[in-house]
Amino acid sequence: MGSASSLLTQYDIEEVQEHCNKIFSQQEIVSLYQRFCQLDRNAKGFISADEFLSVPEFAMNPLSQRLLKMVDGLNFKDFVAFLSAFSAKASMHQKIELIFKVYDSDCNGKVSFNDILEVLQDLSGSFMSDEQREQVLSQVLQEAGYSRGSYLLLDDFVKVFGKSGLKMEVEVPVD
Amino acid sequence: MLLFSLSDKHMPCWLFSLQRCLVELICGFFVASWTGVISYHGPQPSIRPKHVFVANHTSMIDFIILEQMTVFAVIMQKHPGWVGLLQRTVMESVGCIWFNRNEAKDREIVARKIKNHIQGADNNPLLIFPEGTCVNNHYTVMFKKGAFELGCTVCPIAIKYNKIFIDAFWNSKKQSFTMHLVQLMTSWAVVCDVWYLEPQNLKPGETPIEFAERVRDIISVRAGLNKVPWDGYLKYSHPSPKHTERKQQIFAESVMRCLEEESDKFILLK
């Protein structure tokens, strides 16, 4: 797709649709492209960290830095693939996989006690002490049948979240 | 033009009325130039002392749309170029109040001017856009409390543009007003709804900020806009960390509550 011109061809839309496993409709992809071009101020073909942070809801999200690492510099095709996890049509597995990647900050395929603790720090800020966070985490892990020293894999996440009735959905507005 | 350069003190009553009619006519022409199709709902505003009007803000044309029905005096940012010329001639005649965002002491000066204006019985009713900046007509941002602590009745006006015809949002960072007008004029039509809503007074025990929020609710519901908790100046800067902290606080409190409930259950079972 090269540099971001403001026009998408039918081929482009189909290519993007294939890449996200047809989770988004063609109309949704056109809407997303309009938004992408709005955010990508100087038509570089990707959205920089600063430009993401210009969306107030994103900047206010306590996990914004973690999400930024995952989306910074993505071109439109990969950006849509990333967003597809948030669609109502995405599978539970895909959603849980994204959550796993948020927790796995060192990207080594396993989530340790400290990894979860770091996410908890982002989520609770100065409103919980380190001891309280460790206490909560130990208790939660214990109840789920794990210990402090356990390393959680994607399958463990699937087991824990699979039955929780997780809802992580965003609607793409179509004009 | 001579009509507009006479100050209020020298004008007899009939001339004042004529001036108001002329301003309404000029605005009518302006609206017709971009094929404005405007539906007004609700009772037309009446000129009474101690009444201010507030409306949500999308573009400078909001003012013109409202002005063609009833002449208001409005609080506006001084603009350069031909807009500034119009401001100095036509709009000065209706008693508009100017402010300058970049001046430090400006807020106090404007507050004083507002107070003086509403005391005067002959002045045109004051129209204030409490959002303080243009917003995209999907949301309303936090209202500034200035209009709500004047001890006056506040009459809300809701404005909603029909997006099918034109996106009327004027992003002053991206477009000059001239380009914005050209865009409006070359589109099919500007279709919009204006609702004049029931005048509101400060309730006993209500702070001006709560009053502002209540009026924002009324306007947002009527025009079908979402309310967001940040102020209009995010166009110019990043959100303050206190919004993130608020979210962290909500999360932390809910986790601590769960922890307490778990430990209470544990104690009960022992």
Side-chain angles (χ1 to χ4, degrees), chain A residues 6 31 34-35 37-43 48-68 99 102 116-144 164 170-175, chain B residues 131 133 135-142 161-171 173-175 187 224-267 269:
Chain A
S6 297
S31 260
Q34 277 172 341
R35 188 59 176 140
C37 289
Q38 252 182 345
L39 289 171
D40 177 15
R41 301 257 162 87
N42 23 20
S48 68
D50 228 24
E51 287 161 350
F52 272 116
L53 289 171
S54 72
V55 180
E57 290 98 326
F58 187 85
M60 288 190 226
N61 188 331
L63 296 175
S64 56
Q65 292 305 318
R66 285 177 183 269
L67 289 168
L68 262 182
I99 298 176
V102 171
I116 309 181
L117 205 60
E118 276 172 19
V119 176
L120 204 51
Q121 257 166 358
D122 286 341
L123 286 172
S124 54
S126 55
F127 297 94
M128 276 173 84
S129 69
D130 285 333
E131 294 86 47
Q132 283 173 320
R133 284 190 272 259
E134 287 194 23
Q135 189 192 351
V136 166
L137 199 47
S138 303
Q139 196 162 329
V140 166
L141 281 174
Q142 204 176 36
E143 282 175 21
S164 65
V170 167
E171 199 188 298
V172 177
V174 169
D175 284 322
Chain B
E131 286 170 311
T133 184
V135 187
N136 67 5
N137 210 230
H138 282 297
Y139 295 124
T140 50
V141 295
M142 297 289 280
Y161 293 89
N162 189 330
K163 247 201 137 173
I164 298 179
F165 293 94
I166 179 74
D167 182 359
F169 171 45
W170 176 39
N171 189 342
K173 301 240 117 203
K174 278 207 157 150
Q175 247 181 351
S187 68
L225 304 169
N226 287 324
K227 290 175 59 185
V228 290
W230 51 81
D231 77 30
Y233 285 93
L234 278 188
K235 260 181 13 190
Y236 307 102
S237 65
H238 282 305
S240 95
K242 71 171 191 284
H243 290 110
T244 316
E245 280 165 23
R246 180 81 194 114
K247 286 183 186 262
Q248 288 172 327
Q249 188 178 11
I250 295 173
F251 177 80
E253 283 172 6
S254 114
V255 168
M256 296 308 290
R257 233 192 338 260
C258 281
L259 196 64
E260 262 174 46
E261 283 168 15
E262 282 300 306
S263 68
D264 284 345
K265 256 197 282 183
F266 191 56
I267 293 170
L269 288 170

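The figures that follow rest on heavy atoms only: side chains count, while hydrogens, waters and symmetry mates do not. Note that this is a predicted model, so its numbers are computed, not measured. All chains are named by letter (A, B, ...) in the order of the sequence lines, taking the proteins before the strands, and each is independently numbered beginning at 1.
Around CZ of A:Phe52, the count of heavy atoms belonging to other residues, nucleotides or ligands within 6.0 Å exceeds 12. Heavy-atom contacts from other residues, nucleotides or ligands closer than 6.0 Å to CD of A:Glu143 number more than 12.
Among all heavy-atom pairs drawn from B:Gln248 and A:Gln121, the shortest one is NE2-O, 4.4 Å. Nearest heavy-atom pair across A:Met128 and B:Ala252 is CG-CB, 3.7 Å.
Exactly one residue among B:Lys242, B:Glu245, B:Lys247 makes a side chain to side chain contact (heavy atoms under 4.5 Å, CB included) with A:Met60. That residue is B:Lys247.
Here CD of A:Gln139 is found 5.0 Å from CG of B:Leu259. Values are rounded to the nearest 0.5 Å. Atom CG of residue A:Leu63 and atom OG1 of residue B:Thr244 lie 10.5 Å apart, to the nearest 0.5 angstrom.
The contact between A:Glu57 and chain B is made by backbone and side chain atoms together, counting heavy-atom distances below 4.5 Å.
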